[in-house]
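The block underneath contains the structure these notes are about, expressed in structure tokens.
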Protein chains: 2
Amino acid sequence: MTTLNQAVDRHLPASTGMDFMEQRKPTSSTAFKVRAGQGIYCEGQRANVIYQVQSGAVRVYRLMQNGQRHILSFYGPEEWFGLQDGPFHDDFAEAICDCQLQPFSIGGLPTLPVNLLGIALTSLAYANSRQLMIVRQSALERVAVFMKEMADRHPGVNEFELVMSRADIADYLGLTVESVARSFTKLRTSGIIRLHGRGQRYVRIVNADALAALSM
Amino acid sequence: MTTLNQAVDRHLPASTGMDFMEQRKPTSSTAFKVRAGQGIYCEGQRANVIYQVQSGAVRVYRLMQNGQRHILSFYGPEEWFGLQDGPFHDDFAEAICDCQLQPFSIGGLPTLPVNLLGIALTSLAYANSRQLMIVRQSALERVAVFMKEMADRHPGVNEFELVMSRADIADYLGLTVESVARSFTKLRTSGIIRLHGRGQRYVRIVNADALAALSM
DNA sequence: CGAAAAGTTGAAAATGGTCAAGTACGGTGG
DNA sequence: CCACCGTACTTGACCATTTTCAACTTTTCG
């Protein structure tokens with residue numbers, strides 16, 4: 001799997017290196033911690049375990065031949081990831097920040113404590129919706145959709161921290177970091193959001209209605 | 001479901017009208033025919049039946065708020081469609097040409113003659129691959145990918161008919177008909193394909209290697 | 001404090017969309 | 001059989017959006 005090295009070279013801190021976790025024992029279903037930036041699984045690894053996020057956030061991405069990274073999804077608490085079509089992963093999963101994960105072996109057991117079909121269908125519906133959004137919406141609209149997704153993960157509060165970098169957001173929305181920054185600026189100067197804090201990663205939703213209107 | 005009327009207005013021949021099929025009886029698993037252009041199911045309909053194409057071709061699409069149509073997938077012989085996350089369809093299925101379809105009820109039965117999880121995971125993997133392709137590739141590359149997909153459905157021959165219109169292809173690739181036509185022209189003038197027949201829908205792959213190189 | 005990383009901004013270039021015109025084809029009716 | 005019409009497809013010119021490239025600011029971290 002030559003793409004693994006590209007992935008590490010391009011996207012992981014040099015110090016992190018190839019620290020993708022070795023395979024967990026299928027029958028040991030104890031939760032475990034992953035540090036920020038650490039790999040959870042990588043392309044080509046055997047896919048006989050799925051994960052539920054207990055705390056933290058995870059990015060799942062694929063690498064294209066030219067080395068470009070495309071983030072398929074971010075996962076937060078309660079959400080499942082790692083379910084695969086074939087016996088091997090065709091994507092990468094990494095912790096965005098410190099995470100607690102619950103693994104579930106899907107090898108052979110006739111009855112699982114989770115509904116795999118439900119997870120697969122939820123993922124499928126999400127992937128199809130995302131396809132529409134990414135292909136048909138403008139840069140500003142995509143960023144608005146992203147912002148609304150993030151806001152919806154923090155119900156009851158109108159201010160939160162983005163755990164991911166602008167580069168992550170760009171690779172998630174199919175844009176460049178520059179376009180993401182420009183869209184952030186537009187949202188800010190039009191009074192829809194306010195940005196502050198470390199690396200402008202703290203967001204306050206000022207005009208939720210205008211945001212919703214943009215992200216439709 | 002107001003979008004149904006939009007769909008019919010925009011995309012079906014006027015004579016066809018609202019001819020989406022009434023629900024089949026779950027237990028009757030007899031194959032049936034659908035005429036070209038006819039609807040198979042529509043958004044909002046109950047989703048308790050999945051279909052396997054026996055002959056012909058089907059398009060499955062969603063409609064956006066603004067009325068734009070996005071084709072999620074084309075389905076040919078042997079392929080399954082109609083499996084849904086919730087109890088209701090969020091998309092439309094129509095016959096592109098005359099079709100023979102095999103329905104399978106998925107209501108309640110503990111054991112089905114088909115592997116739903118497998119179908120869901122295959123669809124998911126396909127949707128994710130398509131996301132990368134559509135978001136990251138240029139117009140020409142997308143058309144090349146499409147052409148290769150179509151060519152791969154006709155193994156052993158290097159000439160075949162496109163059953164779908166340029167508009168279908170555009171809505172599938174996230175382009176306009178004009179961009180599709182221009183990309184077809186580029187492929188033709190660079191000696192990769194040749195076009196002829198009714199509405200330039202017959203394709204001969206002249207340089208399969210060049211096509212594969214473009215579509216990677 | 002200084003270097004590296006992350007984020008923002010501006011100007012030029014490329015890509016695809018829009019609008020408009022023109023061509024080819026198939027079906028209908030005289 | 002041919003003229004006509006509508007649809008599908010193609011092509012050209014122009015325009016809008018996003019990318020690219022470059023510079024600059026801010027933040028983070030040793």
Side-chain angles (χ1 to χ4, degrees), chain A residues 9-16 36-37 66 68-70 96-97 134-144 146-147 161-189 193-203 214, chain B residues 10-16 36-37 66 68-70 96-97 133-144 146-147 161-189 193-203 214:
Chain A
D9 289 353
R10 301 179 114 260
H11 305 299
L12 293 181
S15 62
T16 313
N66 59 25
Q68 250 187 98
R69 180 183 69 157
H70 181 76
I96 297 177
C97 53
I134 285 189
V135 179
R136 306 286 175 168
Q137 314 257 104
S138 69
L140 182 61
E141 287 169 335
R142 285 184 243 182
V143 170
F146 167 81
M147 207 57 95
E161 181 190 358
L162 297 175
V163 289
M164 65 287 286
S165 68
R166 300 290 193 266
D168 282 340
I169 299 170
D171 287 354
Y172 176 66
L173 297 176
L175 299 169
T176 58
V177 285
E178 294 93 332
S179 289
V180 171
R182 278 185 253 267
S183 295
F184 269 68
T185 301
K186 277 182 196 156
L187 291 178
R188 182 170 52 72
T189 57
I193 63 171
R194 194 163 303 174
L195 298 168
H196 65 99
R198 82 167 178 87
Q200 303 292 81
R201 288 204 190 176
Y202 286 86
V203 181
L214 265 178
Chain B
R10 303 179 111 261
H11 305 300
L12 292 182
S15 62
T16 312
N66 60 25
Q68 250 187 100
R69 180 183 69 156
H70 181 76
I96 297 178
C97 52
M133 188 267 281
I134 285 190
V135 179
R136 305 289 174 166
Q137 315 257 103
S138 69
L140 182 62
E141 288 169 335
R142 284 183 244 183
V143 170
F146 166 80
M147 205 58 94
E161 181 190 359
L162 297 175
V163 289
M164 64 289 285
S165 68
R166 300 289 194 267
D168 282 340
I169 299 169
D171 288 353
Y172 176 66
L173 297 176
L175 298 169
T176 59
V177 284
E178 293 94 333
S179 289
V180 171
R182 277 185 255 268
S183 295
F184 269 67
T185 301
K186 276 184 198 158
L187 290 178
R188 182 170 51 74
T189 56
I193 62 171
R194 196 164 302 176
L195 299 168
H196 66 101
R198 86 170 173 84
Q200 303 291 84
R201 287 205 190 176
Y202 286 86
V203 182
L214 264 178

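Remember, predicted model here, so these are calculated numbers, not experimental data. Letters A, B, ... are given to chains in the order of the sequence lines, protein chains preceding strands, and every chain is numbered from 1.
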Extract, from 5' to 3' on DNA chain C, the first and final nucleotides lying under 4.0 angstrom from some heavy atom of chain A. C:dA6 to C:dA11
Rounded to the nearest Å, what distance is computed from the CD1 atom of residue A:Ile134 to the P atom of nucleotide D:dT18? 14 Å
Starting at OH of A:Tyr202, measure out to CG of A:Leu162 and round the result to the nearest 0.5 Å. 10.0 Å
A:Gln68 CD to A:Asp171 CG distance, which is reported to the nearest 0.5 Å: 7.5 Å
Backbone N or O of B:Gln137 within a donor-acceptor pair of the B:Arg142 side chain at under 3.5 Å? yes
Using the side chain to side chain donor-acceptor pair (under 3.5 Å) criterion, which residues pair with A:Glu141? Sequence neighbours excluded. A:Ser138
Backbone of A:Ile193 reached by a side-chain donor or acceptor of A:Arg188 within 3.5 Å: no
B:Asp171 CG to D:dA8 P, straight-line distance once rounded to whole Å: 13 Å
A:Arg142 CZ to D:dT19 C1', straight-line distance once rounded to whole Å: 12 Å
Measure from CE on B:Met164 to C1' on D:dC9 and round the result to the nearest Å. 16 Å
Spacing of B:Tyr202 atom OH relative to D:dA8 atom C1', expressed in whole Å: 15 Å
Separation between CD1 (A:Ile169) and OG (A:Ser179), nearest 0.5 Å, reads 13.0 Å
Rounded to the nearest 0.5 Å, what separates atom CG in B:Leu173 from atom NE2 in B:His70? 9.0 Å
Does this structure show an ion pair linking B:Asp168 with B:Arg69, if we count only N-O contacts that are shorter than 4.0 Å? yes
Please report the distance, rounded to the nearest Å, between CD in A:Glu178 and P in D:dA23. 14 Å
Would you classify B:Gly174 as touching base, sugar-phosphate or nothing, given that sugar-phosphate means primed atoms plus P, OP1 and OP2, and contacts are heavy atoms under 4.0 Å? sugar-phosphate
To the nearest angstrom, how far is A:Gln68 atom CD from D:dT19 atom P? 10 Å
Mind running a 4.0 Å heavy-atom check of residues 181-189 of chain B against DNA chain C and sending the residues that fall below it, in number order? B:Arg182
So what does A:Ser179 touch, heavy atoms closer than 4.0 Å: a base, only the sugar-phosphate, or nothing? base
Return the value, rounded to whole Å, for the distance between atom CG of B:Leu162 and atom C1' of D:dA8. 13 Å
Nearest-nucleotide comparison on DNA chain D, the residue closer to the 5′ end among A:Arg198 and A:Thr176: A:Thr176
From A:Phe184 atom CZ to A:Arg201 atom CZ, the distance as rounded to the nearest 0.5 Å: 10.0 Å
